[in-house]
Amino acid sequence: MKCPRCGSENCQIINEVYTTGKDYSVGKGCLGYLLLGPLGTLCGACGEGKQTHNQQYWVCNNCGNKWKA
């Protein structure tokens with residue numbers, strides 16, 4: 001792989017990980033508590049949309065340019 005900016009072949013691939021979404025829903029936890037008692041507070045953690053994403057990039061070790069793989 002060659003760097004599009006400087007043309008160097010001294011490049012490496014890196015992986016970036018990021019997450020989106022929420023861990024706990026207070027509204028679902030309160031509703032679960034009202035319907036099921038203390039054990040119902042765990043309902044706030046059910047079905048939430050937390051997702052993990054991976055993105056790979058090439059990085060030039062000479063000029064520091066970064067581009068998607």
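When reading the values below, keep in mind they use all heavy atoms of this one structure, side chains included, and skip hydrogens, waters and symmetry mates.
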task = Is it possible for you to say whether M1 and I13 belong to one hydrophobic cluster, with membership spreading through side-chain heavy-atom contacts below 4.5 Å?
result =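 Yes, M1 connects to I13 through the hydrophobic network.
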ask   = K2: what forms a side-chain hydrogen bond (donor to acceptor under 3.5 Å, both in side chains) with it, not counting sequence neighbours?
value =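 For K2, no residue satisfies side-chain hydrogen bond (donor to acceptor under 3.5 Å, both in side chains) once neighbours in sequence are set aside.
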Taking all atoms of both residues into account, what is the closest heavy-atom pair of [X] and [Y], and its distance?
X: C3; Y: W67; result: CA-CH2, 3.6 Å
X: C60; Y: C63; result: SG-N, 3.5 Å
X: N15; Y: Q55; result: OD1-O, 3.3 Å

ask   = Between T20 and H53, is any side-chain donor less than 3.5 angstrom from a side-chain acceptor?
value =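 Yes, H53 and T20 have a side-chain donor paired with an acceptor closer than 3.5 Å.
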query = To the nearest 0.5 Å, what is the distance between SG (C11) and CG (N65)?
reply =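 With rounding to 0.5 Å, SG (C11) is 8.5 Å from CG (N65).
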Nearest-0.5 Å distance, CG of residue N61 to CD of residue E9 =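 Taking CG in N61 and CD in E9, the distance rounds to 12.5 Å.
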message = Between K66 and E16, does any side-chain N to carboxylate O distance fall below 4.0 Å?
response =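 Looking at E16 together with K66, the answer is yes, because their closest N to O distance falls below 4.0 Å.
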Residues Q56, K68; criterion side-chain contact (heavy atoms from CB on, under 4.5 Å); working and verdict = CA-CA 6 Å; Q56 293 182 340; K68 287 187 179 181; over 6 Å; no
